[in-house]
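Note that the coordinates shown come from a computational prediction; the quantities given were computed from them, not determined experimentally. By convention in this document, chain letters (A, B, ...) are assigned in the order of the sequence lines, proteins followed by strands, and residues within each chain are numbered from 1.
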4 protein chains.
Amino acid sequence: MQLNFNSPKPIYLQMVDEVKKALARGELSPGDKIPSHKERAQISQVNPNTVMRAYQEMERVGLTETLRGQGTFIKNDPAMLLSIRSEMAQAAVHQFIEEMRGLGIEPDEMAHMLRDTLHMERKEG
Amino acid sequence: MQLNFNSPKPIYLQMVDEVKKALARGELSPGDKIPSHKERAQISQVNPNTVMRAYQEMERVGLTETLRGQGTFIKNDPAMLLSIRSEMAQAAVHQFIEEMRGLGIEPDEMAHMLRDTLHMERKEG
Amino acid sequence: MQLNFNSPKPIYLQMVDEVKKALARGELSPGDKIPSHKERAQISQVNPNTVMRAYQEMERVGLTETLRGQGTFIKNDPAMLLSIRSEMAQAAVHQFIEEMRGLGIEPDEMAHMLRDTLHMERKEG
Amino acid sequence: MQLNFNSPKPIYLQMVDEVKKALARGELSPGDKIPSHKERAQISQVNPNTVMRAYQEMERVGLTETLRGQGTFIKNDPAMLLSIRSEMAQAAVHQFIEEMRGLGIEPDEMAHMLRDTLHMERKEG
DNA sequence: GTGGTCTAGACCACT
DNA sequence: GTGGTCTAGACCACC
């Protein structure tokens, strides 16, 4: 769970995204219990209120459900779960293309730069 | 100059980025005068002070220089100008890779998705 | 914190200098929390936005760091802190010499006048 | 005539001070004709209006007098002329002392730093 | 309450 | 008209 405290993006929304990514990665599965807001707050060095807001937001969008006294769980809604990964990926792709286009970079060069960077990282890493 | 008023990213920073992009695209050149903050404010439908802040930020990072009572001009610093395009492009590539990696997507699939989306857009557009 | 509202020097820059001076004097130490911009605004009888600008300038030059929702703190960068005093003093000395030289006053007389004035003040004060 | 276009001190006041300094240095004497505002504007790369304001200010404080059709001249007011040098020098000394005191520097160290810097400059220059 | 952005409008120095 | 400071007050995210 990587949070960027200097990003203009609100922390609670960053937390929601991180949960979605964990789901996309398969690190979190439907039915899984997620830490209580207090626990999460301690782990992430964030104020409990902020975690609360993140959890409320996740509940609101149907990502989780809360069982009184038992905790918060990833909802078992296959349709939604399936779409998360592809939706977020598509969004990332689009954002990338828009950004590159804004810089006046042609599609061929976009693919080229992506490939180059991936190759470089493979060697270094 | 496209501004997103709902983005969490401050408007004045968006304006700085837009100028950088225009430079990267070659639409703006060293020595060019950019509109006065009041003019820009009217065009972009934002408060003059917000534009001022963007302009001061640009001055601060050495992107522009200001002549008392005459206006604000793109600085003629070839080295810096050359690097803007590649720096911003590289940043976009990295951000894309990180985002995709966060979703558990492999390098090959990244390139694949990018290519697919670019192809689709070509047909549609 | 003495501010001169009639000085052509912007208030927000005067405030930055005052903090630097307090550091040089040892009245402020690394890690110290400085008053919130709203508090400072009330104390100094200036607009909160003006204080904000001063605080942002301090952050920009690496004098302070800010913790979301907690406040603004003097940065713990010993190297920088040590240099502030000597840099500001050296600047003052240079400015003095230049000013006196502009008046056609010789080095010996500069030292002489300084000594005289210091003596006079000692007796008066 | 050195003008600092980035100083917060208005240029027209800087010009007044420069004339005073030239008088203090003896480069300008009572009765001397000073350049017309247009000439001065060209020499100093400044807008004629700005020079006009400087000249008006000098007239206002009794430093110069204008003879219709003949130009502007340094006034022959011995009392005032005599005081300029010592007044400006005293002001510089006081400002220096205040600045150093603001940094928590003791009188002895002030004199010490001044002497050191003067010595260093003598060797370098 | 704390940092931070934005708007609106006044005032100033310089061209 | 151009850059620039300051005030006043609203609104937001986070603690």
Side-chain angles (χ1 to χ4, degrees), chain A residues 3 5-15 41 45-54, chain B residues 3 5-15 33-41 44-59 64-73, chain C residues 3 5-15 33-41 44-59 64-73, chain D residues 3 5-15 41 45-54:
Chain A
L3 299 175
F5 292 87
N6 292 315
S7 162
K9 186 167 185 169
I11 290 176
Y12 77 96
L13 289 181
Q14 290 185 47
M15 295 185 101
Q45 294 284 46
V46 157
N47 189 289
N49 287 325
T50 304
V51 185
M52 278 294 296
R53 282 187 77 171
Chain B
L3 299 176
F5 292 86
N6 293 317
S7 163
K9 185 167 186 169
I11 294 174
Y12 77 95
L13 289 181
Q14 290 185 48
M15 295 186 104
K33 185 181 187 304
I34 60 177
S36 82
H37 67 279
K38 291 178 186 176
E39 203 179 334
R40 173 85 278 161
S44 295
Q45 294 284 48
V46 294
N47 188 285
N49 282 333
T50 303
V51 184
M52 273 275 3
R53 203 168 170 186
Y55 280 21
Q56 279 171 5
E57 179 68 16
M58 289 192 277
E59 181 110 31
T64 56
E65 64 188 336
T66 225
L67 275 66
R68 285 248 279 251
Q70 293 183 234
T72 302
F73 302 82
Chain C
L3 299 176
F5 291 87
N6 294 316
S7 163
K9 184 167 187 170
I11 294 174
Y12 77 94
L13 289 181
Q14 290 185 48
M15 295 186 104
K33 184 181 187 306
I34 60 178
S36 83
H37 67 279
K38 291 178 186 175
E39 202 179 337
R40 173 85 279 162
S44 295
Q45 295 284 46
V46 293
N47 188 286
N49 282 333
T50 304
V51 185
M52 273 275 5
R53 204 169 169 184
Y55 280 20
Q56 278 171 5
E57 179 68 15
M58 290 193 276
E59 181 110 31
T64 56
E65 64 186 337
T66 225
L67 275 65
R68 285 249 280 249
Q70 294 183 234
T72 302
F73 302 81
Chain D
L3 300 175
F5 291 88
N6 291 316
S7 162
K9 186 167 185 169
I11 289 175
Y12 78 97
L13 289 181
Q14 290 185 47
M15 296 185 101
Q45 293 285 47
V46 158
N47 189 289
N49 286 326
T50 304
V51 185
M52 278 293 297
R53 281 187 78 171

Specify the separation, in whole Å, of atom [atom1] of [X] and atom [atom2] of [N].
{"X": "D:Asn6", "N": "F:dG4", "atom1": "CG", "atom2": "C1'", "result": "13 Å"}
{"X": "B:Gln70", "N": "F:dG4", "atom1": "CD", "atom2": "P", "result": "12 Å"}
{"X": "B:His37", "N": "E:dC6", "atom1": "NE2", "atom2": "P", "result": "16 Å"}
{"X": "C:Phe5", "N": "E:dC12", "atom1": "CZ", "atom2": "P", "result": "16 Å"}
{"X": "D:Lys9", "N": "F:dG4", "atom1": "NZ", "atom2": "P", "result": "21 Å"}
{"X": "B:Glu65", "N": "F:dG3", "atom1": "CD", "atom2": "C1'", "result": "14 Å"}
{"X": "B:Glu59", "N": "F:dT5", "atom1": "CD", "atom2": "P", "result": "10 Å"}
{"X": "B:Lys38", "N": "E:dC12", "atom1": "NZ", "atom2": "P", "result": "13 Å"}

Quick one: is [X] getting a side-chain N or O under 4.0 Å of the [N] phosphate, OP1 or OP2?
{"X": "C:Thr66", "N": "E:dT2", "result": "no"}
{"X": "C:Gln56", "N": "E:dT5", "result": "yes"}
{"X": "C:Gln45", "N": "F:dT7", "result": "no"}

**Report entry** Considering all heavy atoms, the nearest D:Pro8-C:Pro10 contact
**Finding:**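 So the two residues come closest at CB-CD, 4.0 Å.
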Requested in this report: Taking all non-hydrogen atoms of both residues into account, name the closest pair between B:Lys9 and B:Ser7 and its distance.
Outcome: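 Nearest pair, atom of B:Lys9 first, then B:Ser7: N-OG, 2.9 Å.
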Requested in this report: Could you say whether D:Pro8 or B:Leu13 is positioned toward the 5' end of DNA chain E, judged by the nucleotide with the nearest heavy atom to each?
Outcome: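 Whichever sits nearer the 5' end wins; that is B:Leu13.
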Query raised in the report: Mapping C:Pro10 and B:Tyr55 onto DNA chain F by nearest heavy atom, which one lands closer to the 5' end?
Result: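 Nearest-nucleotide comparison on DNA chain F picks B:Tyr55.
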How many angstroms lie between [atom1] in [X] and [atom2] in [Y], if you round to the nearest 0.5 Å?
{"X": "C:His37", "Y": "C:Gln56", "atom1": "NE2", "atom2": "CD", "result": "9.5 Å"}
{"X": "D:Ile11", "Y": "D:Arg53", "atom1": "CD1", "atom2": "CZ", "result": "11.0 Å"}
{"X": "B:Thr66", "Y": "B:Ile34", "atom1": "OG1", "atom2": "CD1", "result": "8.0 Å"}
{"X": "C:Asn47", "Y": "C:Lys38", "atom1": "CG", "atom2": "NZ", "result": "11.5 Å"}
{"X": "B:Met15", "Y": "B:Tyr12", "atom1": "CE", "atom2": "OH", "result": "13.0 Å"}
{"X": "A:Gln14", "Y": "A:Thr50", "atom1": "CD", "atom2": "OG1", "result": "11.0 Å"}

Query - Pair pattern of DNA chain E in dot-bracket, where unpaired bases get dots and | marks partners in another strand, Watson-Crick or G-U under 3.5 angstrom - result: ||||||||||||||.
Requested in this report: Enumerate the residues from residues 46-54 of chain C whose closest heavy atom to DNA chain E is under 4.0 Å, giving them by residue number; use none for an empty result.
Outcome: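 By residue number: C:Asn49, C:Met52.
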Query raised in the report: Would you say D:Phe5 and B:Leu67 make side-chain contact, with heavy atoms under 4.5 Å?
Result: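 Not in contact.
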Query raised in the report: Quick one: are C:Val51 and C:Ser44 in side-chain contact, heavy atoms under 4.5 Å?
Result: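 The answer is no; the side chains never approach within 4.5 Å.
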Requested in this report: Indicate, with a heavy-atom threshold strictly under 4.0 Å, whether B:Ile11 touches base, sugar-phosphate, or nothing.
Outcome: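 Result for B:Ile11 = sugar-phosphate.
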Query raised in the report: Within the structure shown, what part of the strands sits under 4.0 Å from A:Tyr12 by heavy-atom distance: base, sugar-phosphate, or nothing?
Result: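 Sugar-phosphate contact only - A:Tyr12 comes under 4.0 Å of backbone atoms but never of a base.
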